[in-house]
*Asks:* 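Next up is a structure, given as structure tokens.
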Protein chains: 2
Amino acid sequence: MPSKTTLKDLANLAGVSVSTVSKALNDSPEIGARTRQRIKDIAESCNYVPNNIARSLKSRSTKTIGVIIPAILIEFFNKVLYGIEQEATERGYKIVICLSNESSRKEAESINTFINGSVDGVILSVAEETQKSKVYDHFEKSAKHNMPMVMFDRVLDDITCDKVTVDDFEGAFNAVKFLSDLGSKNILFLNPISNTSVGQHREDGYVKAVSGLNQEPNIVNVSHYTEIEKALSTVFNNQKIDAILAADEYSAALAQNAARLNNLKIPQDLSVIGFTNGMVAEYANPSLTVVSQHAENIGKIAAGILLDRIEGKLRAEPVNKVVKTKIVERNSTKNI
Amino acid sequence: MPSKTTLKDLANLAGVSVSTVSKALNDSPEIGARTRQRIKDIAESCNYVPNNIARSLKSRSTKTIGVIIPAILIEFFNKVLYGIEQEATERGYKIVICLSNESSRKEAESINTFINGSVDGVILSVAEETQKSKVYDHFEKSAKHNMPMVMFDRVLDDITCDKVTVDDFEGAFNAVKFLSDLGSKNILFLNPISNTSVGQHREDGYVKAVSGLNQEPNIVNVSHYTEIEKALSTVFNNQKIDAILAADEYSAALAQNAARLNNLKIPQDLSVIGFTNGMVAEYANPSLTVVSQHAENIGKIAAGILLDRIEGKLRAEPVNKVVKTKIVERNSTKNI
DNA sequence: GTGAAAGCGCTAACAT
DNA sequence: ATGTTAGCGCTTTCAC
């Protein structure tokens, strides 16, 4: 931490007491106008900046919120982060970010980092490992400390706290409906994230929707993106498929590439919809129609709830906000 | 901030003094083994967590570094952030992130947020507005406060501090060389960021390289991505171009789309290279050959320098690290 | 109108 | 081996 001039220094310079300086700088009416100005001038000339650590210790409020995300290289989380940052800034809060990198250990460490008084509350999306292992000790601990907490997107049913989730089921359901309305009769579901709760919800929505249309579910699960080209080529050669719903935007983009390789024209021969409205979808060729989760908005909502909670504006029971998805239409689906 | 049990509470419970508790918890040899254990047990049962704010106030070190980036939705900055986070975590530091959103005002506010003792040092990339306006008051102020600071990528020559930059000039120069070696004779430079220092360096490298090849520089500046399709179509119709070097990956992807629209085959008729090795480049069709800036590595290096500086491991003079670029070859350039 | 003093939670030099 | 005390920088009650 760099060297600093303190209230004491200013008091010495001004020949007054520390408390007078403090009051003057905080525009207390107790202090006379000219003393106040004199002190302010001195502070100015010394480049005085009040020490926030000391203030926080005194006020028991840090005006910062902690955010834990599983990965910073997933665009969805960045957009959420952007939303959080906007809302936080607007309401006078800073954000501290920790990455769990999908690991339970790092997630627990991050919680511990926050629990010690450095933030007023926490926003997080659960690490994949934690979702699998179902070991929630660290969250129970933070709950015991009365740390205000809101989970978003990847949430834990077993933990009581505020939550913001995406209606992935309905998103997939509506996407199938959208394709069907465009005339698609053989809709395939491409799922590279079948091992996550989110991937599962999307699959469920797809199955429910196609069943309602009297189509057989046709699901291709891949464990890695590199498998997509081969898997789809096999499908194209053996079945007649006229639409693909992909569980994320990367697989949607790769599906388009595979289709082109198999001489299928998009959207004439094949319609493609992906999940997540990100850069890859936008810059794909053709640009991708996607199911948008309103990531930025999720961030704003989560931060709004947390700050309301911190500031005591919420009643005791946890809030549970479900954000609806929306289809963003581009050129990978027929325009009728 | 949530309610907390303090050293004082523990002291009362154990029937000893506060300092005894403090020493016991910190494994001081001054305290007897059984007292120590007894105190630790009590602390454990109370879920005691030491207050970090109080510790920071005392130790005058926060073990956290501040990061200011111009935008969180630019993948390059995320990768740098990822690198910073890794290095920081490894060395026992946390990171606090502020976004300037390319605005000088928000940048100055962020600096002020950090200058007040909440971080031990700052890593930043300069906001576009600041680069244009050349108003550096906030940086001079932080320098006056002896705040350790390292700038990366977008740096200010007029400010004295540690710096990590990318050799954009050489990166562009080498890309032209690479294209020329592949047989390209008419290389166009597509620049959507000509108003930034980085965009300028890349242009300079291009100009230098083509001049050395006795080609006339052929530069298309666009102020918005939406202009690219039209601008390039005009070019394709009136000139014979066999390669495009784009100053970022988005414009490279859009250049490919424009080429396809004009019935040019990539890479047979036209080679394309972009700057920045991101998702869009990876998932483009064909996948893009790019100039990689090793973003993650830049983050690691910047954090390493900052922490060395904070910990007094560096001599006075500022370090100035230039990171070399590398060409990542994919399918948008001929493979000979 | 100004100052003295206490205290936020913690650490550490200095007693005992 | 344990306790007393002072102090990090600030705010805030209470005296003068």
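Computed from a prediction, not measured in an experiment: that's the story for all the values here. Below, chain A is the first sequence line, B the second, and so on; all start at residue 1.
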*Asks:* If you round to the nearest 0.5 Å, how far is CG of L156(A) from NZ of K163(A)?
*Replies:*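 K163(A) NZ to L156(A) CG: 7.0 Å, rounded to 0.5 Å.
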
*Asks:* At under 4.0 Å between heavy atoms, what does S22(A) touch on the DNA or RNA strands: base, sugar-phosphate, or nothing?
*Replies:* base

*Asks:* Looking at T20(A), does any N or O in its side chain come under 4.0 Å of the phosphate oxygens OP1/OP2 on dG3(C)?
*Replies:*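 It does, given that an N or O in the side chain of T20(A) lies less than 4.0 Å from OP1 or OP2 of dG3(C).
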
*Asks:* How close or far is atom P of dC10(C) from atom CG of N51(B), stated in whole angstroms?
*Replies:*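 Interatomic distance, CG of N51(B) to P of dC10(C): 6 Å.
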
*Asks:* Nearest whole angstrom, please: distance from the P of dG9(C) to the NZ of K58(A).
*Replies:* 10 Å

*Asks:* For the pair made of NZ in K23(B) and C1' in dT11(C), what is the distance, rounded to whole Å?
*Replies:*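 Spelled out: NZ on K23(B) to C1' on dT11(C) is 9 Å.
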
*Asks:* Please pick, from dT2(C), dC10(C), dG3(D), the nucleotide with the shortest atom-to-atom distance to any side-chain atom of S19(B).
*Replies:* dG3(D)

*Asks:* Rounding to a whole Å, what distance do you find between R34(B):CZ and dA1(D):C1'?
*Replies:* 10 Å

*Asks:* If the threshold is 4.0 Å, N to carboxylate O, is there a salt bridge linking K79(B) and E296(B)?
*Replies:*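 A salt bridge is absent here (no side-chain N lies under 4.0 Å from a carboxylate O).
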
*Asks:* Any idea how F77(B) and F152(B) line up, ring-wise: parallel (<30°), tilted (30 to 60°), or perpendicular (>60°)?
*Replies:* perpendicular

*Asks:* Is there a side-chain contact between N26(A) and the phosphate of dT11(D), meaning an N or O under 4.0 Å from OP1 or OP2?
*Replies:* yes

*Asks:* Can you tell me if the side-chain N/O atoms of S17(A) get under 4.0 Å from OP1 or OP2 in dG3(C)?
*Replies:*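 Yes, because at least one side-chain N or O of S17(A) sits under 4.0 Å from OP1 or OP2 of dG3(C).
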
*Asks:* What's the CZ-P distance between R55(B) and dT11(C), to the nearest Å?
*Replies:* 5 Å

*Asks:* Taking CG from L57(A) and P from dC8(D), how many angstroms apart are they, rounded to a whole number?
*Replies:*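 It works out to 13 Å between those atoms.
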
*Asks:* Rounding to an integer number of Å, can you tell me how far L7(A) CG sits from dC8(D) P?
*Replies:* 12 Å

*Asks:* Rounded to the nearest Å, what distance is computed from the CD1 atom of residue I53(B) to the P atom of nucleotide dG9(D)?
*Replies:*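 It works out to 15 Å between those atoms.
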
*Asks:* Below 4.0 angstrom, N of the basic side chain to O of the carboxylate: do R105(B) and E109(B) qualify?
*Replies:* yes

*Asks:* Is any side-chain nitrogen or oxygen of T35(A) closer than 4.0 Å to OP1 or OP2 of dT2(C)?
*Replies:*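 Answer is yes, contact under 4.0 Å.
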
*Asks:* Going by modelled atom types, is there a donor-acceptor pair between the base of dG7(C) and the side chain of K8(B) at under 3.5 Å?
*Replies:* no

*Asks:* Between Y48(A) and dG9(D), is there a side-chain N or O to OP1/OP2 distance below 4.0 Å?
*Replies:*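 Indeed not, no polar side-chain atom of Y48(A) lies that close.
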
*Asks:* Does R60(A) place a side-chain N or O at less than 4.0 Å from the phosphate oxygens OP1/OP2 of dG9(C)?
*Replies:*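 Answer yes for this pair, as a side-chain N or O of R60(A) is under 4.0 Å from OP1 or OP2.
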
*Asks:* Hey, which sits more toward the 5' end of DNA chain D by its nearest nucleotide, A54(B) or E30(B)?
*Replies:*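 In this pair, the answer is E30(B).
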
*Asks:* Is R309(A) paired with D162(A) through a side-chain N to carboxylate O contact shorter than 4.0 Å?
*Replies:* yes

*Asks:* Does a distance-only test, which skips hydrogens and angles, find a donor-acceptor pair under 3.5 Å between the side chain of S59(A) and the base of dT11(D)?
*Replies:* no

